[in-house]
Number of protein chains: 2
Amino acid sequence: MRKRATAREVADAAGVSKWTVIRAFTPGASIAEESKRKVLEAAAALNYTPNLLARSLATNSTHQVAVFVDDFANPQKLPFLETLTERLQAEGMVALLININTHFDHVHALLHADQRQVDAVILFGTAFRSETLSDLQLGRGTPPMFVLARDSQIEGVPAVTCDAELALREIVDHLFERGYRRPGFMTGATVLSTALRRRQHFVDFWKEKGVDDVSVFSAEKYSAEAGAEAARNYLKQTEPADRVDVLMCENDILALGAMDEIHGRFGLRVPHDIAVVGFDNYELCGSSAYSLTTYEQPRDEMVQIIIGMITGRLEPETVTLPGTLIVRKST
Amino acid sequence: MRKRATAREVADAAGVSKWTVIRAFTPGASIAEESKRKVLEAAAALNYTPNLLARSLATNSTHQVAVFVDDFANPQKLPFLETLTERLQAEGMVALLININTHFDHVHALLHADQRQVDAVILFGTAFRSETLSDLQLGRGTPPMFVLARDSQIEGVPAVTCDAELALREIVDHLFERGYRRPGFMTGATVLSTALRRRQHFVDFWKEKGVDDVSVFSAEKYSAEAGAEAARNYLKQTEPADRVDVLMCENDILALGAMDEIHGRFGLRVPHDIAVVGFDNYELCGSSAYSLTTYEQPRDEMVQIIIGMITGRLEPETVTLPGTLIVRKST
DNA sequence: CACCCGCTTGCACCCGGTAGCAAACAGAAA
DNA sequence: TTTCTGTTTGCTACCGGGTGCAAGCGGGTG
C-alpha cells in the first residue's frame with residue numbers, strides 16, 4: 001500500500017524546495033509561473049494533494065463543522081441535513097454528524113468536537129443547558145456554537161429559527177377563521193417543548209381570541225408511533241362531546257401519527273370531527289392520504305444564514321425568519 | 001479568547017516534561033502513580049485535553065469515517081444514519097457526512113476524504129463506478145471503502161447488503177400465493193436500478209412461476225412525488241383491463257407516492273384493484289393510512305458488520321443478510 | 001556602473017502531538 | 001557496597017505542512 005506523496009517528495013521531483021511546492025498550492029502566494037508549472041506537473045505525476053490534517057494543525061482551522069442531532073425520528077431532519085451539507089461543502093467545509101443520545105451527551109460531544117478542533121458546532125434541533133456549559137468551564141476556547149431550528153437557551157449562543165410567534169399567529173388566525181373553537185395541542189417530550197415555544201404561543205393567541213381553554217397533552221417522544229399513542233390515550237379518555245375540534249401537533253411526524261389514530265383506528269373524520277395541524281411540511285404531508293395543514297420553515301434561508309455566520313460573512317446574532325402556512329384538507 | 005492548553009503548558013504546571021504529560025493520557029503507558037496524579041491535577045486545572053488533530057497527524061489514523069450519501073429523499077436513510085453514528089461513536093470514531101450531488105461527485109468526495117485522511121469510506125446507498133476509480137489512480141493509498149445497503153460494483157470493495165435474492169423470492173412467493181398474476185415493477189432512477197438487483201430478481205422469480213410478462217416502468221428519482229408521477233403516467237396510459245394487479249416499488253418512498261396516486265387520486269382500491277409492495281419498512285408504512293406490505297432490512301446487524309470490518313475485527317468481504325417480509329393490508 | 005526596488009526562493013522555527021532509544025533511578029540480589 | 005534488573009523519565013527525531021524573515025536575483029533608474 002503506497003502512502004500519500006508529501007510536499008517534500010514533489011519538491012525533489014521538481015527540483016525545488018518544499019516551500020515552493022507549498023506555495024504552488026497556496027492561492028495568492030508569491031511564486032514564478034515557471035516554478036508553479038514544474039511543481040504542478042510533478043505533483044500530478046506523483047498524485048500529490050496537500051494533507052489537510054497537517055494544514056489544519058498548522059493553520060488552526062479544520063474547515064470541519066460538528067452538527068449535533070438528537071432526534072432521528074423526524075424525517076424533516078433529512079432535507080435539512082441535505083441542504084446543510086451541500087452548502088457547507090460549497091464553502092469548502094464538511095459536516096461531522098454527531099449523534100447525541102444517552103450514551104453520548106452534549107458534554108461528551110462538545111468535548112469531542114473541541115478536541116477535534118472543529119471550526120463551529122451547530123446544535124441542530126437539540127437543546128442544551130447553559131448551566132451544563134458553565135459547569136465545564138468550556139465558556140472560553142470552545143468552538144463557536146449556533147442553534148439551528150430551535151430557540152437558543154444559552155446566553156451568547158445565537159439561534160437561527162423560524163419565527164414561532166408569527167407562525168402560531170397565522171395558524172391560530174386560520175383555525176379561528178375556519179370556525180374552530182375547542183383547540184388542543186400535542187407536545188413532544190415535555191422537557192423540550194418550552195424550547196420550541198410553539199405551545200405557549202398557541203395558548204396565548206387563543207386567549208387573545210377569547211378561548212381560554214386549550215387542552216394540552218404530551219407524546220413520549222417525537223415519532224409517529226408516540227403521536228398515535230398520545231392521540232389514542234386522549235381519545236379513549238375523553239368523551240366525544242368533550243373532545244377538541246382541532247388538534248395542533250408540535251411537528252408533522254406527531255401529527256401524522258395522530259391523524260392515523262383519529263382517522264384510521266377511531267374512524268373519526270378529519271377535519272369534520274377533528275381537524276389536525278402539523279409543523280414542518282414534511283413531504284408526505286402533501287399526500288392525499290393525509291393532506292395535512294402545516295407550516296413550512298424557510299429551510300434554505302435558515303441554512304444560508306447560519307453558514308454565513310459560521311464563515312464570518314454575517315454577524316452572529318439570533319435571527320428569526322417568517323415561514324409559510326400551508327393550508328390543506330386537514331383543516 | 002483563550003486558546004486550548006497544550007501538553008507543554010501542563011508539563012510546566014506539573015513540573016514534569018511534556019512526554020510525561022502525554023504518558024498520563026496514554027492508556028497503558030509506563031508512568032509512576034505519583035506523576036500521573038500530578039499531571040492529571042494540572043491538566044484539570046488548565047482544562048487540558050489532548051489535541052486529536054495533532055495525534056492523528058502523528059499516528060496516521062483519524063478515527064473519522066466518511067459516509068457518502070446521494071439520496072436524501074428516502075427517509076429510511078435517517079434511522080440508518082442514527083444507528084451508524086451511534087455505533088461509530090461507541091467505537092471512538094465519528095462520521096463525516098458527505099453529500100454526493102452534481103456539484104460534488106464521488107471523485108471530489110473521495111479526493112477530499114483522502115486529503116482528510118479518513119480511516120474508511122462508507123458508500124451508503126450510493127453507486128460508484130470502478131472505471132472512475134482507476135481513472136484517478138486512486139487504487140492505492142485510498143482509504144478502504146465499503147458499500148452499505150447496495151451491491152458493490154467495484155472489485156475488491158466489499159458490500160454489506162440485505163439479501164435481495166432471498167427478499168424478492170419471499171415477496172414473489174407471497175404475491176403468487178395471494179393470487180396475483182399480473183405483476184408490475186417501479187424502479188427509481190434507471191442508472192442505479194441494476195445496482196439494487198431487485199428488479200431482475202423480481203422478473204426472474206415470476207418467470208419461474210410461469211409469469212413472463214412483468215410491466216416495468218421508472219420514476220425520475222427516489223421520492224414520493226416521483227413515485228406518484230410515475231404511477232399517474234402508468235395509470236393514464238394503461239386501460240383498466242390491461243393494468244397490473246400488483247405493483248412492487250423499488251423502495252417504500254416510491255410505493256407510498258404510488259399508493260397515494262392509485263388510491264387518493266384515481267380512487268382505485270388497494271389491494272383489491274391494485275396491490276402495492278415497497279421495500280425498507282419505513283415507519284409510516286405501518287400507518288393505517290397506508291398499511292404497506294414491505295421488506296425490512298436487518299439494519300442493526302448490517303451496521304454492526306460494516307463497523308466490524310472497518311475496525312478490523314471482521315474480515316472485509318461482501319456479506320448479504322436475510323431480512324424480514326412484513327405483510328400488511330396493501331397485498 | 002552603482003543603487004534601489006520588487007519578485008522569488010530558501011530557511012529556521014512552529015503547530016501539538018507520537019515513537020523509540022538511552023539515561024536516571026530505585027530496589028533487590030550478590 | 002556493588003551489580004543487576006526493571007521502572008520511570010527525558011530527549012531526539014518525526015508526522016506534513018505553514019509563517020515570517022532574509023537572502024538571491026533581475027531589471028530599471030540616476
Side-chain angles (χ1 to χ4, degrees), chain A residues 1-40 42-43 46-64 112 114-119 141 143, chain B residues 1-40 42-43 46-64 92 114-119 141 143:
Chain A
M1 173 95 78
R2 199 186 58 201
K3 287 187 56 178
R4 292 171 51 84
T6 72
R8 174 69 212 225
E9 289 165 11
V10 176
D12 290 348
V16 296
S17 70
K18 78 164 191 176
W19 296 277
T20 303
V21 173
I22 286 167
R23 288 197 179 89
F25 283 89
T26 309
S30 157
I31 184 173
E33 273 308 314
E34 171 65 11
S35 347
K36 185 164 186 174
R37 193 188 50 72
K38 275 196 304 187
V39 168
L40 291 183
L46 291 171
N47 202 20
Y48 166 83
T49 46
N51 181 330
L52 294 185
L53 213 56
R55 173 177 294 176
S56 295
L57 180 60
T59 60
N60 207 26
S61 141
T62 53
H63 294 273
Q64 293 193 154
H112 189 94
D114 192 30
Q115 287 187 268
R116 292 219 182 257
Q117 308 276 79
V118 299
D119 287 353
Chain B
M1 173 95 81
R2 199 186 60 202
K3 286 188 59 179
R4 292 170 51 85
T6 72
R8 175 68 212 224
E9 290 164 10
V10 176
D12 291 348
V16 296
S17 70
K18 77 166 190 175
W19 296 277
T20 303
V21 172
I22 285 165
R23 286 195 180 92
F25 283 89
T26 310
S30 157
I31 182 174
E33 273 308 314
E34 170 65 11
S35 352
K36 184 164 185 173
R37 192 189 50 72
K38 273 195 306 186
V39 168
L40 291 183
L46 293 171
N47 202 20
Y48 165 83
T49 46
N51 181 331
L52 294 186
L53 215 54
R55 174 178 293 176
S56 295
L57 180 61
T59 59
N60 208 27
S61 139
T62 54
H63 294 272
Q64 293 194 152
D114 192 30
Q115 287 186 270
R116 292 223 183 253
Q117 308 276 76
V118 299
D119 287 353

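Below, chain A is the first sequence line, B the second, and so on; all start at residue 1. Computation of the quantities below employed the complete heavy-atom set of this structure, encompassing side-chain atoms and omitting hydrogens, waters and symmetry-equivalent molecules. The structure displayed is predicted, hence computed values, not measured ones.
- Annotation: side-chain hydrogen bond (donor to acceptor under 3.5 Å, both in side chains) contacts involving residues 15-27 of chain B, sequence neighbours excluded, comprise B:Ser17-B:Thr20.
- Looking at A:Pro143 and A:Asp114, their side chains come closer than 4.5 Å, going by heavy atoms from C-beta outward.
- For the segment residues 22-34 of chain B, the set of residues with a heavy atom within less than 4.0 Å of an atom of DNA chain C comprises B:Ile22, B:Arg23, in numerical order.
- The span of DNA chain D lying next to chain A, judged by atoms under 4.0 Å from heavy atoms, is bounded 5' to 3' by D:dG16 to D:dG20.
- Put simply, OG on A:Ser56 and CG on B:Asn51 are 10.0 Å apart, with the number rounded to the nearest 0.5 Å.
- We find the NE2-CG distance between A:His63 and A:Asp119 to be 6.0 Å, quoted to the nearest 0.5 Å.
- Remark: A:Lys18, A:Trp19 in residues 13-21 of chain A come within less than 4.0 Å of DNA chain D through at least one heavy atom.
- Shortest non-hydrogen contact noted between B:Val21 and B:Val39 is CA-CG1, 3.8 Å.
- Looking at A:Arg116 and B:Thr62, their side chains never bring a donor and an acceptor atom within 3.5 Å of each other.
- For B:His63 and C:dG17, the NE2 to C1' distance is 14 Å, given to the nearest whole Å.
- Residue B:Ala13 comes nearest to B:Leu46 through the heavy atom pair CB-CD1, 4.0 Å, listed as atom of the first residue, atom of the second, then distance.
- When the C1' atoms of four end pairs are superposed on the next four at each end of the helix from C:dC1-D:dG30 to C:dA30-D:dT1, using five pairs per end, the two resulting axes differ in direction by 60°, to 10°.
- Among the protein residues, B:Ser35 comes within range of the sugar-phosphate backbone only, with heavy atoms under 4.0 Å from sugar or phosphate atoms but none that close to a base.
- Atom CD of B:Glu34 has more than 12 neighbouring heavy atoms from other residues, nucleotides or ligands inside a 6.0 Å radius.
- Side-chain atoms of A:Thr49 and A:Arg4, non-hydrogen and from C-beta on, do get closer than 4.5 Å to each other.
- A:Arg37 places its CZ atom 16 Å from the C1' atom of C:dT8, with the value rounded to the nearest Å.
- Residues B:Arg55 and A:Gln115 bring no donor and acceptor atom of their side chains to less than 3.5 Å of each other.
- Note: CG (A:Leu57) to P (C:dC13) measures 19 Å, nearest angstrom.
- Residues passing the salt bridge (Lys or Arg N to Asp or Glu O under 4.0 Å) test with B:Arg8 are B:Asp12, sequence neighbours excluded.
- Between A:Asn51 atom CG and C:dC15 atom P there is a gap of 18 Å when expressed in whole angstrom units.
- Side-chain contact between A:Pro27 and A:Phe25: absent, with no pair of heavy atoms (C-beta onward) separated by less than 4.5 Å.
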